[in-house]
J.: 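Once you've had a glance at the structure underneath, I'll fire off some questions.
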Amino acid sequence: MHKRTLGTQGLSVSAIGLGCMGMSDFYAGRGSEIDSIAVIRHAINIGITFLDTADMYGPFTNEQLVGKAIAGRRDQVQLATKFGNQRAADGTSLGINGKPEYVRSACDASLARLGVDYIDLYYQHRVDTTVPIEETVGAMAELVTAGKVRYLGLSEASPETIRRANAVHPISALQTEYSLWTRDPEDEILATTRELGIGFVPYSPLGRGFLTGRWKTVDDLPKDDYRQTSPRFLAENFAKNMTIVTQLETLAESKGCTTAQLALAWLLSRGMDVVPIPGTTRQSRVDENAGAARVQFSQAELSALDLLAPPGAASGARYTEAGMRAVRK
């Protein structure tokens with residue numbers, strides 16, 4: 001697995017990361033803690049060393065899980081976690097919090113759960129519009145000075161917010177949803193991050209699993225999975241979105257790769273500043289995702305993908321109405 005650089009401050013990470021959220025929260029079919037630790041360690045063994053978690057996942061338990069998995073191997077990984085989506089221990093949402101005092105307490109709590117002395121990349125998970133971004137990032141910058149954090153990031157921020165944040169302290173990475181069925185960042189976001197020298201980390205690069213072709217009908221989804229209420233997975237949108245996946249499967253077959261590898265390789269082709277973080281709970285999927293780094297496209301194939309999955313092609317919003325209100329602030 002080759003490396004890519006996020007930002008201009010020196011953060012070097014594996015070209016493909018590992019999103020750890022699904023090991024503890026939101027998705028059905030999670031494995032045991034032992035199995036999840038084995039998946040993370042397997043990823044590290046094959047060179048996927050960029051690990052992504054957040055305090056809200058679990059809540060709190062995902063950071064503990066990742067901490068156990070990297071025990072004794074801290075110097076082999078680039079560890080990213082997030083604050084700002086505040087939840088109670090029972091999972092109840094407490095809203096978005098970007099207050100400076102919360103930034104400091106959230107970081108200390110994450111360090112303790114992870115069992116580490118520093119966090120490589122610390123993201124604001126969602127922008128708190130009640131607190132000036134300058135105050136939030138100012139508190140994050142203090143964490144860098146204190147040696148608790150090495151690099152700073154934002155998630156789902158607007159171009160204006162990104163610029164204001166970067167003026168306070170260099171931002172190394174922006175994490176935002178980006179995939180063959182979510183190409184919104186191509187409008188303004190990517191232009192802004194590239195102008196400012198900020199790396200781009202696509203989350204949900206496989207469309208929450210939809211782009212893998214794993215599900216053929218809406219009835220294939222587990223009943224206790226949060227995707228049951230996700231707009232793009234609802235019956236009226238599912239069938240329309242499957243037409244995209246079916247065409248991707250055909251192209252993937254012609255290239256001798258899986259549909260997931262095709263989707264990840266497309267993201268990798270968007271620029272050396274792009275580092276997707278697909279999540280999985282299976283070692284076999286880790287190997288499959290890593291194989292995407294070997295898939296290359298001709299210009300004709302890239303043009304074909306643009307026709308198959310142009311911007312705005314997906315049917316349905318990324319999140320429910322409430323979820324959409326929290327993004328691009």
Side-chain angles (χ1 to χ4, degrees), residues 4-13 17 50 52 54 56 78 80-86 95-104 106-107 119-146 148-179 182-205 267 270-277 311-312 317-319 323-329:
R4 291 190 169 188
T5 300
L6 293 174
T8 58
Q9 292 72 55
L11 177 57
S12 178
V13 301
F50 184 36
D52 184 90
M56 75 166 289
Q78 300 82 49
T81 192
K82 316 176 202 67
F83 74 92
N85 263 333
Q86 197 173 3
I96 298 172
N97 194 337
K99 295 177 180 177
E101 59 270 24
Y102 181 71
V103 174
R104 291 185 282 267
C107 180
I119 295 162
D120 291 290
L121 178 59
Y122 199 42
Y123 292 103
Q124 181 184 22
H125 206 162
R126 290 290 186 271
V127 175
D128 184 351
T129 57
T130 69
V131 178
I133 191 65
E134 290 82 2
E135 293 184 15
T136 302
V137 175
M140 295 169 71
E142 291 175 4
L143 299 175
V144 177
T145 301
K148 296 179 178 181
V149 170
R150 291 192 169 179
Y151 305 95
L152 302 184
L154 301 174
S155 180
E156 290 287 1
S158 69
E160 179 186 359
T161 299
I162 296 167
R163 291 182 186 280
R164 289 169 55 195
N166 195 65
V168 175
H169 186 282
I171 301 298
S172 293
L174 175 74
Q175 183 178 126
T176 292
E177 185 172 354
Y178 186 31
S179 69
T182 301
R183 296 181 60 173
D184 314 34
E186 295 174 358
D187 294 338
E188 298 179 88
I189 300 293
L190 277 169
T192 302
T193 57
R194 285 170 174 165
E195 176 190 338
L196 299 174
I198 298 171
F200 194 92
V201 179
Y203 73 83
S204 294
L267 279 170
R270 307 310 286 175
M272 291 299 292
D273 56 344
V274 177
V275 178
I277 49 168
R318 309 199 266 134
Y319 290 109
M324 290 302 297
R325 285 198 295 267
V327 302
R328 301 291 170 82
K329 300 297 185 182

J.: Give me the atom names and distance for the closest heavy-atom approach of Cys107 to Ile119.
T.: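 Closest heavy-atom pair between Cys107 and Ile119: SG-CD1, 4.2 Å.
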
J.: Would you say Tyr123 and Val201 make side-chain contact, with heavy atoms under 4.5 Å?
T.: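 In short, these two side chains touch, coming nearer than 4.5 Å.
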
J.: List for me each residue that meets side chain to side chain contact (heavy atoms under 4.5 Å, CB included) alongside Glu156, sequence neighbours excluded, and say none if there are none.
T.: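 Only Arg126, Thr176, Glu177, Tyr203, Arg318, Val327, Arg328 meet the side chain to side chain contact (heavy atoms under 4.5 Å, CB included) criterion with Glu156.
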
J.: Look at Asp273 together with Arg194 and state whether they make a salt bridge at an N to O cut-off of under 4.0 Å.
T.: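 Yes.
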
J.: Shortest non-hydrogen contact from Ala165 to Leu154?
T.: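 Minimum heavy-atom contact is CB-CD1, 3.7 Å.
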
J.: Which heavy atom of Ile96 sits nearest a heavy atom of Ala326, and at what distance?
T.: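 Looking at all heavy atoms of both residues, the closest pair is CD1-CB, 4.0 Å.
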
J.: Is atom NZ of Lys99 surrounded by more than 12 heavy atoms (other residues, nucleotides or ligands) closer than 6.0 Å?
T.: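 Counting neighbours around NZ of Lys99, 12 or fewer heavy atoms of other residues, nucleotides or ligands fall under 6.0 Å, so no.
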
J.: Output the distance between atom OG1 (Thr192) and atom CD (Glu160), rounded to the nearest 0.5 Å.
T.: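 Between atom OG1 of Thr192 and atom CD of Glu160 there are 10.5 Å.
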
J.: Looking only at heavy atoms, what is the nearest atom pair of Pro276 and Leu267, with distance?
T.: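 What the structure gives for the nearest pair is CB-CD1, 4.0 Å.
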
J.: Can you sort out the partners of Gln9 under side chain to side chain donor-acceptor pair (under 3.5 Å), two or more places apart, ordered by chain and number?
T.: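 So Gln9 forms a side chain to side chain donor-acceptor pair (under 3.5 Å) with Ser172.
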
J.: Do you know the tightest heavy-atom contact between Leu152 and Val149?
T.: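 Between these two residues, the closest heavy atoms are CD2-CG1, 3.8 Å.
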
J.: My understanding is that only residues two or more places apart in sequence, or in another chain, count here; which of them pass side chain to side chain contact (heavy atoms under 4.5 Å, CB included) with Ser179?
T.: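 Side chain to side chain contact (heavy atoms under 4.5 Å, CB included) check on Ser179 returns Trp181, Thr182, Leu211.
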
J.: Measure the shortest side-chain to side-chain distance between Met56 and Lys82 over non-hydrogen atoms and say whether it is less than 4.5 angstrom.
T.: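 Side-chain contact under 4.5 Å: no.
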
J.: Are any side-chain N or O atoms of Arg4 and backbone N or O atoms of Gly271, one a donor and one an acceptor, separated by less than 3.5 Å?
T.: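 Between the backbone of Gly271 and the side chain of Arg4 there is a qualifying donor-acceptor contact (under 3.5 Å).
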
J.: CG of Asn85 to CG of Asn97: how many Å apart, nearest 0.5 Å?
T.: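 Asn85 CG to Asn97 CG: 10.5 Å, rounded to 0.5 Å.
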
J.: As a test of understanding, state which of Leu196, Ile162, Leu6, Thr161 forms a side chain to side chain contact (heavy atoms under 4.5 Å, CB included) with Leu174.
T.: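 Of all the options given, the one that passes is Ile162.
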
J.: Taking the side chain as every heavy atom from C-beta outward, state whether Thr8 and Pro170 have any atom pair closer than 4.5 Å.
T.: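 Thr8 vs Pro170: side chains apart.
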
J.: Begin from the C-alpha positions of Gln78 and Arg150 and carry the test side chain to side chain contact (heavy atoms under 4.5 Å, CB included) through to its verdict.
T.: CA-CA 10 Å; Gln78 300 82 49; Arg150 291 192 169 179; over 6 Å; no

J.: So, taking the atom named CD1 in Ile171 and the one named CZ in Arg164, what distance separates them when rounded to the nearest 0.5 Å?
T.: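 These two atoms lie 12.5 Å from each other.
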
J.: Counting C-beta onward and ignoring hydrogens, is there a side-chain heavy-atom pair between Leu121 and Gln175 closer than 4.5 Å?
T.: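 Side-chain contact under 4.5 Å: no.
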
J.: Pair up each side-chain donor or acceptor in residues 135-144 with any protein partner under 3.5 Å, not counting sequence neighbours, and list the distances.
T.:
{"unit_1": "Thr136", "atom_1": "OG1", "unit_2": "Gly98", "atom_2": "O", "d": "2.6"}
{"unit_1": "Glu142", "atom_1": "OE1", "unit_2": "Arg104", "atom_2": "NH1", "d": "3.1"}

J.: Identify the heavy atoms of Gln124 and Asp128 that sit nearest to each other, and give their distance.
T.: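 Scanning both residues, the minimum pair turns out to be NE2-N, 3.5 Å.
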
J.: Excluding sequence neighbours, so at least two apart, what forms side chain to side chain contact (heavy atoms under 4.5 Å, CB included) with Glu188?
T.: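 For Glu188, the residues satisfying side chain to side chain contact (heavy atoms under 4.5 Å, CB included) (neighbours in sequence not counted) are Pro159.
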
J.: With sequence neighbours excluded, tell me which residues meet ring pair (Phe, Tyr, Trp, His ring centres under 6.0 Å) with Tyr178.
T.: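 For Tyr178 the ring pair (Phe, Tyr, Trp, His ring centres under 6.0 Å) partners, ignoring immediate neighbours, are Phe200, Trp266.
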
J.: Measuring from atom CD1 of Ile189 to atom OG of Ser158, what distance do you get when rounded to the nearest 0.5 angstrom?
T.: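 Reported to 0.5 Å precision, the distance equals 6.5 Å.
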
